[in-house]
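Take a look at the structure below.
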Amino acid sequence: MPELPEVEVTRRSFAGQIAGARILSANLGKPLRWPLSAPPATLIGHVVAAVRRRGKYLLLDIDDGRLLLIHLGMSGSLRFFQTCPPAGKHDHFDLVTSRGTLRLHDPRRFGAVVLTPGEQSDAAQRLLGRLGVEPLGDGFDLVSFQAGLRQRNAPVKQVLLAGELVVGVGNIYASEALFQAGIRPTRKACRIGSESSARLHAAIRSVLASAVELGGSTLKDFSSASGEAGHFQLSACVYGREGLPCVRCGRPVRKMLQGQRSTYFCAACQR
DNA sequence: CTATGGACCTGAATGC
DNA sequence: TGCATTCAGGTCCATA
């Protein structure tokens, strides 16, 4: 489900409520992707100082310097409840605080909750250390992005998904950004001209920013921590539109597989 | 080093 | 109706 916009929308929907809240208990259900590196009981009595985001990870700063990392995987979503209903079959983590309960719902359990000693610890850096720059931040400058592309021989879509150049661009938004930039997803990154790569740079920013504005994509079951659905998918130009007319030229949108994942594009508009 | 494919897990949609 | 197959928003890991 969640790419950067969904994670950011989720963060914004509960960060203000949980910041300053005292942890009353932390309960795990079925195992998630990585084990907790410390017993969750060690969180009790501590305060959640802030909620940040890095790529597709949510970072909960604990008042003693520890960092609780949450990743939503493919099917995860978070809700923040004032009064928390009983846990359902796919609710696998509850952080009960003085201001409400943060609950992770994740049917496929590709998500993760990892308690680390701090952002610079090995445990945290193992997950965060190789992430590329934030696409909506100042670090995403055109010149370094173009230089990064020139170094990669892989198809540009795979380079975006790898997240080593720039984070947060997942399967939906990679297709959308490449469509907006007029670049064929199979084109080798190092063979993209500087005008095209400048368009891609701008497209990544604008696609992600507009998805955040629209509250993310609601394909299957995404909603924010307050339960709001997103609306980006209504404005998707190519993703999930195989066979439907390209919004620009009217020819049918095509679907192909790249690295076992669906890619949507317009063969006429993208070269 | 890179590129590829499998692994993790469940549920919904599709096909026969 | 029932059962098997395919697909889904992510990422790590083993293998060539």
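Letters A, B, ... mirror the listed sequences (proteins, then strands); counts begin at 1.
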field: Residue pairs involving residues 136-161 of chain A (criterion ring-ring contact (aromatic ring centres under 6.0 Å, His included); sequence neighbours excluded)
entry: A/Phe140-A/Phe145, A/Phe140-A/His201, A/Phe145-A/His201
Side-chain donor-acceptor pairs under 3.5 Å in residues 151-165 of chain A, sequence neighbours left out?
unit_1	atom_1	unit_2	atom_2	d
A/Arg152	NH1	A/Glu164	OE1	3.2
A/Lys157	NZ	A/Asn171	OD1	2.5
A/Lys157	NZ	A/Ser262	O	3.2
A/Lys157	NZ	A/Thr263	OG1	2.9

- prompt: If we take the P atom in both C/dC7 and B/dG5, what is their distance in whole Å?
  reply: 15 Å
query: Which of residues 85-92 of chain A sit near DNA chain B, with a heavy atom under 4.0 Å from it?
result: A/Lys89, A/His90
message: How would you summarise protein contacts on nucleotides 11-16 of chain C per nucleotide, using B for base, S for sugar-phosphate only and - for none, with heavy-atom distances below 4.0 Å?
response: BSS---
query: Tell me, which pairs form a ring-ring contact (aromatic ring centres under 6.0 Å, His included) where one or both residues lie in residues 40-68 of chain A, sequence neighbours left out?
result: A/Tyr57-A/His71
query: With sequence neighbours left out, which residue pairs that include part of residues 259-271 of chain A fulfil the salt bridge (Lys or Arg N to Asp or Glu O under 4.0 Å) condition?
result: none
- request: Would you list the pairs meeting ring-ring contact (aromatic ring centres under 6.0 Å, His included) in which at least one residue belongs to residues 247-267 of chain A, sequence neighbours left out?
  value: A/Tyr239-A/Tyr264
query: Under 4.0 angstrom, heavy atoms only, what part of the nucleic acid is A/Asp106 near: base, sugar-phosphate, or nothing?
result: nothing
message: Going by the rule side-chain contact (heavy atoms from CB on, under 4.5 Å), which residues pair with A/Leu24 if we only count those two or more places apart in sequence or in a different chain?
response: A/Val96
- prompt: Does the side-chain ring of A/Phe110 lie flat on the base of B/dC9, meaning centres under 5.5 Å and planes less than 30 degrees apart?
  reply: no
Ring pair (Phe, Tyr, Trp, His ring centres under 6.0 Å) partners of A/Phe179, counting only residues at least two apart: none
query: Looking for any heavy atom pair under 4.0 Å, which part of the strands does A/Ala112 touch: base, sugar-phosphate only, or nothing?
result: nothing
- line: In DNA chain C, stems of three or more consecutive pairs, Watson-Crick or G-U, each with both distances under 3.5 Å, turn out to be B:2-8 with C:10-16, B:10-16 with C:2-8
task: Please identify each residue that fulfils side-chain hydrogen bond (donor to acceptor under 3.5 Å, both in side chains) with A/Arg33, with sequence neighbours left out.
output: none
task: State which of B/dA3, B/dG5, C/dC7 makes the closest approach to the side chain of A/Gln260.
output: B/dG5
- request: Give me the residues of residues 178-186 of chain A where at least one heavy atom lies under 4.0 Å from an atom of DNA chain C, by number, or none.
  value: none
query: Would you say the base of B/dC9 and the side-chain of A/Arg108 have a donor-acceptor pair closer than 3.5 Å?
result: yes
